[in-house]
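Every number for a ligand or one of its atoms is a count from 1 in the order of the listing. For the numbers below, each heavy atom of this structure counts, side chains included, while hydrogens, waters and symmetry mates do not.
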Amino acid sequence: MSISPTQIQLIQPDDWHLHIRDGDVMRNVLADVAKQFARAIIMPNLKPPVTTAELAKAYRLRIESQLQSLGVNGFTPMMTLYLTDNTSAVEVRKAKAEGVVAFKLYPAGATTNSDAGVSDLKHCFAVIEAMQKEGMPLLVHGEVTNPEVDIFDREKVFIDRVLEPLRKDFPELKIVFEHITTMQAAHYVRDASACNKNTLAATITPQHLLMNRNAIFVGGIHPHNYCLPVLKREEHRIALLAAATSGNPRFFLGTDSAPHAKGLKENACGCAGCYSTFNALGLYAEAFESVGKLNRLEGFASFFGPDFYALPRNSKIVTLHKQAQAIPCELPFGESTIVPLRFGETIAWSLA
Ligand code: NCD
Ligand code: ZN
C-alpha cells in the first residue's frame with residue numbers, strides 16, 4: 001500500500017456484504033459495484049429468496065449475463081443461500097458443490113424480505129451441524145425480533161440470546177456477524193475466545209463508521225439514512241471506527257449497500273437500506289482518514305475478508321485520488337431512480 005497526501009494505492013478490495021437485487025435494476029447496481037470491487041458476497045434476500053443451490057446457480061447466471069452485456073470483466077459474484085426453518089443438511093453439500101460460499105441467517109421479520117427467515121434456530125441444528133462439518137460459513141443478521149425488545153437494543157440482545165449459545169453449540173462453525181452497529185458487538189468479536197480463533201469475524205458498513213442516529217432525525221426525518229440494523233449513538237460509532245481501524249483481522253469491509261427505488265424510501269412506510277455502492281471506497285477512506293488510520297484501510301478492505309473465507313487475495317492495484325467528487329442526488333435504477341448515500345454532498349476521495 002502507498003499513501004501520499006493526494007493518493008492512496010491499495011490492492012483492489014472486495015465487498016463481503018452486498019445486495020444487488022435482480023432484473024433490470026441489477027444492471028445499474030452491477031455497473032457501480034464492478035468499478036470498485038473485484039468480488040462481492042451477494043445477499044440472497046430476493047423475492048422469493050434464494051434458498052437452494054439450484055436457485056443460486058440460476059441467480060449467478062443472471063448476474064453473469066448482465067456483467068457480460070455491460071462489458072465487465074474481472075468481477076466475481078460470490079453466492080449465498082438464505083437459511084429457512086426447512087433448509088435440509090443435504091442442501092449444504094449441494095451448495096458447496098455449486099460454489100456457494102456461505103449461508104445467511106435472517107431472523108424472521110428482522111429486515112427487508114426476511115419473512116421466510118428462521119423463526120427459531122433450533123429448527124436449523126441439523127443444517128448448521130452440516131455447515132460446521134463442511135466449513136461453510138454462517139452469516140448472521142444479528143438482531144432479535146421480539147417486539148418487547150427496543151429496536152436500538154436488538155443487536156446487543158442477540159449476542160446474549162442467540163450468538164453466544166450458537167457458538168457454544170457449534171464451536172468450529174465459521175460465523176460472520178454482519179453489519180455490526182454497537183460497541184457490544186465490536187467488543188464481543190474482538191474478545192471472542194482464542195480457541196475459536198478463526199471462526200468469528202464481523203463486517204462493518206460505511207454508514208455505521210460515518211454517522212450516528214442523529215443522521216436519521218435531526219432537522220427533519222432522513223429516510224435515506226435509515227437502514228437495519230439502525231444507526232446507533234455516537235459512542236457506538238466511535239467503537240466501530242476503533243475496531244475497523246485496529247488492524248484486527250476479524251473486522252473487514254461489507255457495505256451492506258441495499259438499494260431501494262427513491263419512491264420506496266420516500267414513503268409513509270419507507271424501506272430500510274442505504275445505497276453506498278456509488279462511492280463506497282471513498283466513504284471508507286474518509287472514515288479511516290478521520291482517525292489518521294489510512295494505513296489500516298488495505299487490511300480491512302482487501303486482505304482480512306479473503307483470509308477469513310480462505311480465498312486468495314486480489315493482485316490488481318487500484319488508486320484513490322484526493323479529488324472532490326460530488327455525489328449525485330439521483331442515479332438511474334431500472335425504470336426508476338435511486339438516491340445514493342450522502343447525495344448532494346462532496347466526498348474527498350474517489351477512484352481514478
Ligand atoms: C437490507 C435490504 O434492503 O435488503 N436492508 C438494510 O437496511 N440493510 C437487508 C439487510 O441487510 O438487513
Ligand atoms: Zn444486508
Interfacing atoms of ligand 1 (cut-off 4.0 Å, heavy-atom, [X]):
X: H141; value: 12 (O)
X: T111; value: 5 (N), 9 (C), 10 (C), 12 (O)
X: L228; value: 6 (C), 7 (O), 8 (N), 12 (O)
X: A272; value: 3 (O), 5 (N), 6 (C), 7 (O)
X: C227; value: 7 (O)
X: A258; value: 1 (C), 2 (C), 3 (O), 5 (N)

Subject >> Y284/F300 under ring pair (Phe, Tyr, Trp, His ring centres under 6.0 Å): CA gap, chis, key distance, verdict >> reply: CA-CA 10 Å; Y284 280 111; F300 175 82; 5.6 Å; yes
Original post:
About how large, to 10 degrees, is the angle NE2 of H19, then the Zn ion (ligand 2), then NE2 of H17?
Top reply: 110°
Ion pair check, [X] and [Y], cut-off under 4.0 Å:
X: D24; Y: R27; result: no
X: E289; Y: K322; result: yes
X: E54; Y: K57; result: no
X: E98; Y: R93; result: no
X: E64; Y: R60; result: yes

Original post:
So, E155 versus T181: side-chain donor-acceptor pair below 3.5 Å or not?
Top reply: yes
Original post:
Does the side chain of E143 come under 3.5 Å of the side chain of H141 through a donor N or O and an acceptor N or O?
Top reply: yes
Which bit of [X] gets closer than 4.0 Å to ligand 1, counting heavy atoms only: side chain, backbone, both or neither?
X: H17; answer: side chain
X: E178; answer: neither
X: R21; answer: side chain

Original post:
Taking both backbone and side-chain atoms of N45, is any N or O found less than 3.5 Å from an N or O belonging to ligand 1?
Top reply: yes
Original post:
Are K174 and F308 in a cation-pi contact, defined as NZ or CZ under 6.0 Å from the six-membered ring centre and within 45° of the axis?
Top reply: yes
Original post:
Donor-acceptor pair, Q36 side chain versus T277 backbone, under 3.5 Å?
Top reply: yes
At a threshold of 2.8 Å, where the distance has to be below it, does the Zn ion (ligand 2) have an N, O or S atom of [X] nearby?
X: H141; answer: no
X: H179; answer: no
X: D256; answer: yes

Original post:
If hydrogens are left out, which of T205, L139, L264, D256 has an atom nearest to atom 11 (O) of ligand 1, that is, the closest non-hydrogen atom?
Top reply: D256
